[in-house]
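Both counts, for ligands and for their atoms, begin at 1 and track the order of listing. Keep in mind that what you see is a predicted model, and the values were worked out from it rather than measured.
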Amino acid sequence: MRRAAVIGAGLTGTVTALCLSDAGVHVDLYERNASPLLGASGVNEGKIHLGYVYAMDQSLKTAKTMLRGAACFRTILERWVGSAVFENHTSSSFSYAVPFSSMLDLDSIRAHFARVSMLSQNLGPHAMLARETEAREQSGRELECAFDPEHVAASFKTNEIAIDPWALRLALLSAVKDSKNITARYSTEISSIHEDGTGYLVAGKDAQGMVSESYNAVVNATWHQRLKLDATFGIKRSQDAIHRYKCGLRSTDPSVAKGLPSTTFIVGEYGDTVAYGDNAFVSWYPAGLISQEVGLSPAIDDILLSSTRRADLIESTLYNLQKLLPGASGSLSAKPESWEIVGGYISAWGKTGINHADSKLHDRYEVGVHSDGGYHSIDTGKFTLAPLFATEVASRILE
Ligand SMILES: Cc1cc2nc3c(=O)[nH]c(=O)nc-3n(C[C@H](O)[C@H](O)[C@H](O)COP(=O)(O)OP(=O)(O)OC[C@H]3O[C@@H](n4cnc5c(N)ncnc54)[C@H](O)[C@@H]3O)c2cc1C
């Protein structure tokens, strides 16, 4: 009987486990939290990137990587979660606004949007796309209705959308529960992986004490802990990795979502607003960036904020977004109690923040599945890419 361990029940690990289980492989799904999808996959903005935001990567390698993920995101997940979550919990299409202080000039952004828009035309009928088929620059009148023209130089309406990650999480929880071959091993933290002659020994601890089991194949889908676990297997990192803990605000008040457009400000330390059905997400980068560190993994897994820090984060996020987006001030002036702070790690190659033009955070194409025999380590890169890489690792294991 073939047995596999999938470590980390984020979107990547969960979908990997579901793929393997459907193919008859017995999977132990390890997760340090008490429930799956509470890490980055449960708290992110849910944007299914087409690559517009990666305007600093003029090679288009990042956009092309994101487009691969967007092309199959829905088709892969629909197998387990059905279509309702895609019909009822996706966002309005994103507008991109370019402040005068943008790190990239407007002409380069225009050219990038035209190229990405063109590439997105070939994604196929089941891709995660808005009804609008292409990106277009908005008129001065449209810009003035939404944004402050004193701060915003131009805006583009795009064919990009987001999915509410929490709604997707709930749908996936049922799929994992119903799956025949997945054994959920939650509240279990894995600390090492070694070859043991016949297979791979996975060791860690749960509430009862030490755990240690052997498998034919192991998938490391632990995101911000990935490189640390790789190191226990003897895999050395080839470059620096940066781990940023980023928070945003979520609201489940339908009246907040109602008046909110889906918007991203580029390029630099700005923010986003997203409205998906009855829920909303907003973030302001300088307020929401709680920590940034370079190393194998961040020093702390779970970051707790003081009540003063929480109040400041909410106030500063809403204040700064309102300044740029006065057209949404109704939603953005909602009472602080309407908002819940959510946050998680974003891990990527490099060692400098997004305020550096040469930061590797401006490109995300060096991601994907790394295999060494039956040991597979997945750098998801973005939520957009998780189903793509999960199916890729599953087919490597099934080969
Ligand atoms: C605020 C924010 C906004 C974002 N917005 C977007 C967006 O709009 N679009 C987009 O494409 N991407 C976005 N991202 C990035 C995206 O969320 C991640 O790329 C993606 O969710 C990573 O998925 P994953 O399954 O690899 O990791 P995770 O979802 O973090 O899953 C990894 C799991 O492994 C578990 N784990 C870790 N170490 C161990 C261990 N030793 N033992 C057992 N379990 C362990 C963790 O608890 C976690 O549940 C955002 C991220 C953040 C934080």
**Prompt:** Does R110 reach the side chain of F113, with side-chain heavy atoms less than 4.5 Å apart?
**Reply:** no

**Message:** For atom 42 (N) of ligand 1, tell me which residue out of I190, I193, T16, D379 has the closest non-hydrogen atom.
**Reply:** I190

**Request:** From atom 23 (O) of ligand 1, work out which of S41, S297, G10 has a heavy atom at the shortest distance.
**Result:** S41

Can you tell me the protein heavy atom closest to [atom] and the distance?
atom                    : answer
atom 11 (O) of ligand 1 : T384 OG1, 2.7 Å
atom 48 (C) of ligand 1 : E31 OE1, 3.4 Å
atom 26 (O) of ligand 1 : T380 OG1, 2.6 Å
atom 8 (O) of ligand 1  : K47 N, 2.9 Å
atom 53 (C) of ligand 1 : G344 O, 3.3 Å
atom 5 (N) of ligand 1  : E45 N, 3.4 Å
atom 4 (C) of ligand 1  : N44 CB, 3.2 Å
atom 44 (N) of ligand 1 : R32 N, 3.1 Å

Residue part near ligand 1, for [X], under 4.0 Å between non-hydrogen atoms:
X    : result
T12  : both
Q225 : side chain
T188 : backbone
A221 : backbone

**Prompt:** Quick one: does A40 get an N or O within less than 3.5 Å of an N or O on ligand 1?
**Reply:** yes

**Request:** Consider every N or O of H224 and every N or O of ligand 1, then say whether any pair is closer than 3.5 Å.
**Result:** no

**Request:** Determine, step by step, whether E142 and K157 satisfy the salt bridge (charged side-chain N to carboxylate O under 4.0 Å, His left out) criterion, reporting the C-alpha distance in whole Å, the side-chain angles of both residues, the deciding distance to 0.1 Å, and the verdict.
**Result:** CA-CA 10 Å; E142 286 174 301; K157 188 78 181 164; over 6 Å; no

**Message:** If the threshold is 4.0 Å, N to carboxylate O, is there a salt bridge linking D312 and R309?
**Reply:** no

**Item:** Check ion pair R250-D164 (N to O, under 4.0 angstrom)
**Value:** yes

**Asked** With under 30° as parallel and over 60° as perpendicular, where do the rings of H243 and Y345 fit, or are they tilted in between?
**Response** perpendicular

**Mutual orientation of the aromatic rings belonging to W284 and F265 [parallel < 30°, tilted 30-60°, perpendicular > 60°]** = perpendicular

**Item:** Contacts of Y375 that satisfy ring-ring contact (aromatic ring centres under 6.0 Å, His included) - sequence neighbours left out
**Value:** F233

**Prompt:** Any heavy atom of I346 sitting closer than 4.0 Å to ligand 1?
**Reply:** yes

**Prompt:** With a 4.0 Å cut-off on heavy atoms, is A162 touching ligand 1?
**Reply:** no

**Request:** With sequence neighbours left out, write down each residue that passes side chain to side chain donor-acceptor pair (under 3.5 Å) with R169, or none if nothing qualifies.
**Result:** S35

**Prompt:** Among side-chain atoms of W80 and D178, is any donor-acceptor pair under 3.5 angstrom?
**Reply:** no

**Request:** Say whether I266 and L361 are linked into one hydrophobic cluster, either directly or through other cluster members, by side-chain heavy-atom distances under 4.5 angstrom.
**Result:** no

